[in-house]
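Lettering of chains follows the sequences in order, A, B, ..., and the numbering in each one begins at 1. Computed from a predicted model, the values in this text were never measured in an experiment.
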Amino acid sequence: MTATTETAANASPDHDRTDLHAPVVDWFDAHARDLPWRRPEAGAWGVMVSEFMLQQTPVNRVLPVYEQWLERWPRPADLAAEAPGEAVRAWGRLGYPRRALRLHGAAAAIAERHGGDVPKKHAQLLALPGVGEYTAAAVASFAYGQRHAVLDTNVRRVFARAVAGRQYPPNATTAAERKLARALVPEDEATAARWAAATMELGALVCTARSPECGRCPIAAQCAWQLAGAPPHEGPPRRTQAYAGTDRQVRGRLLAVLRESTAPVPQAVLDRVWHEPVQRARALDGLVSDGLVEPLAGGLYRLPHA
DNA sequence: AAGCCGTGGCC
DNA sequence: TGGCCAAGGCT
């Protein structure tokens, strides 16, 4: 095993990187948060719902909405039986509401094509709307205990530091990162699934972006970034997206009005959310073409019913 | 493949 | 205060 893993990029000749497995997994056993989607009763559907909600949204904000969703729609078929607009409404202020639409679409596909059960195969998961490389691997690993490389923003940062000796990973995921992640997956299936959860948790709780707590890190002594003296980030700065004044802000305001109203909303009411008419119209058109808003006759709008 | 897609908390 | 960041996916 050592021979194959050492062929990956930036291999350290000093030690086998499988040395990382035991300390990280042991740390996870001692410090893992008790999150509802990690409990056995969550099931694969609970895991999938949580993964959709956690895409770019912090755990603390997801928790209450997750509980409401699972209580209201305990199985994929329950959600699939609802109008998509109800999913958008129940999404609340989690952000990126297209995720709610995609989750509804995934539930419909599961009900139709998979007999109501979240599929187990990575390829089948990947075929569902809103499920990309990360989410497919996460559901297969966390819900079904399979052996996959699970590469999210936390894991990328942990590997960037512990293995590559850099403060931050590249802006976009590289082939080298995928190769490294694959090489580091423990051979044993059950251990692999725990490794995936453990590396994510380490990145979320200890090896954080802004202020890593290396004094609490179980692999600080083997961390390439620490051993190099914690050098600062080199290369192009992270592109952070503007929000104020963008279409996204306008879309957010429009959708907030529609979420609050069960009855169709007149255009005149929507017009009040933004002063600039061209941008306002563009934002509303975008929501309609995304399927997040349904236009009715007479200049009325509502969340989608079909 | 770079840019778009929400929202809110934090330092 | 305001940029930075948060379990990505899609085009």
Side-chain angles (χ1 to χ4, degrees), chain A residues 28 32-33 35-38 42 46-66 88 91-103 105-106 125-143 148-158 167-175 177 181 193 196-205 207-212 233 236-259 273 279 282-283 285-287 289-293:
Chain A
F28 183 66
R33 290 168 291 180
L35 300 170
W37 44 86
R38 286 179 178 162
V47 171
M48 172 167 278
V49 170
S50 78
E51 290 302 336
F52 270 77
M53 292 183 172
L54 289 164
Q55 290 169 2
Q56 300 284 282
T57 303
V59 166
N60 296 331
R61 212 175 310 162
V62 164
L63 282 168
V65 183
Y66 171 85
V88 174
W91 198 252
R93 305 190 67 83
L94 287 182
Y96 293 143
R98 290 189 292 189
R99 291 181 293 164
L101 227 42
R102 292 171 185 153
L103 181 51
L125 290 163
L126 199 55
L128 299 171
V131 177
E133 187 64 36
Y134 161 76
T135 301
V139 172
S141 180
F142 302 152
H148 290 283
V150 180
L151 197 57
D152 79 324
T153 188
N154 290 303
V155 178
R156 293 183 63 218
R157 188 175 53 250
V158 168
Q167 186 179 22
Y168 297 120
N171 282 343
T173 305
T174 63
E177 286 181 277
T199 46
M200 287 177 62
E201 191 79 336
L202 186 63
L205 297 184
C207 192
T208 61
R210 285 179 187 157
S211 52
H233 179 67
R238 284 296 238 192
R239 275 277 175 250
T240 118
Q241 302 171 354
Y243 179 64
T246 64
D247 287 5
R248 292 156 71 192
Q249 185 179 22
V250 185
R251 287 166 58 107
R253 291 191 182 184
L254 290 168
L255 210 53
V257 172
L258 292 165
R259 272 198 314 265
V273 308
Q279 187 179 24
R282 185 173 64 233
D285 284 350
L287 288 171
S289 61
D290 285 347
L292 284 163
V293 171

Report the residue (A/A256 or A/A172) whose heavy-atom-nearest nucleotide on DNA chain B is the more 5′ of the two.
A/A172

Work out which heavy atom in A/A256 is nearest to a heavy atom in A/R93; give both atom names and the distance.
CB-NH1, 4.1 Å

Could you verify whether a donor N or O on one side chain and an acceptor N or O on the other, from A/R251 and A/T246, lie under 3.5 Å apart?
no

Suppose we screen for side-chain contact (heavy atoms from CB on, under 4.5 Å). Which residues come up paired with A/A42, at least two apart in sequence or across chains?
A/Y66

In whole Å, what separates the C1' atom of B/dG8 from that of C/dT1?
15 Å

Rounded P spacing from B/dG3 to C/dA7 in Å:
23 Å

Do you know the tightest heavy-atom contact between A/L94 and A/V62?
CD2-CA, 4.1 Å

Within the structure shown, what part of the strands sits under 4.0 Å from A/Y243 by heavy-atom distance: base, sugar-phosphate, or nothing?
base

Hey, where on DNA chain B does chain A first and last touch, going 5' to 3'? Cut-off is any atom under 4.0 Å from a heavy atom.
B/dC4 to B/dC10

Could you tell me which residues satisfy side-chain hydrogen bond (donor to acceptor under 3.5 Å, both in side chains) with A/R259, sequence neighbours excluded, listed by chain and number?
none

When we call it a touch if two heavy atoms are under 4.0 Å apart, what does A/L94 touch: a base, just sugar-phosphate, or nothing?
base

With the sugar-phosphate defined as primed atoms, P, OP1 and OP2, and the base as all remaining atoms, what B/S/- string results for nucleotides 6-11 of chain C, 5' to 3', for protein heavy atoms under 4.0 Å?
BBBBS-

With sequence neighbours left out, the residues meeting side-chain hydrogen bond (donor to acceptor under 3.5 Å, both in side chains) with A/R253 are none

Give the table of side-chain donor-acceptor pairs shorter than 3.5 Å for residues 125-139 of chain A, with sequence neighbours excluded, one pair per line with atom names and distance.
residue: A/Y134; atom: OH; partner: A/E51; partner atom: OE1; Å: 2.8
residue: A/T135; atom: OG1; partner: A/Q55; partner atom: NE2; Å: 3.0

Evaluate the side-chain proximity of A/V250 to A/L254: yes if any heavy-atom separation is below 4.5 Å, no if none is.
yes

If we take the P atom in both B/dG6 and C/dT11, what is their distance in whole Å?
14 Å

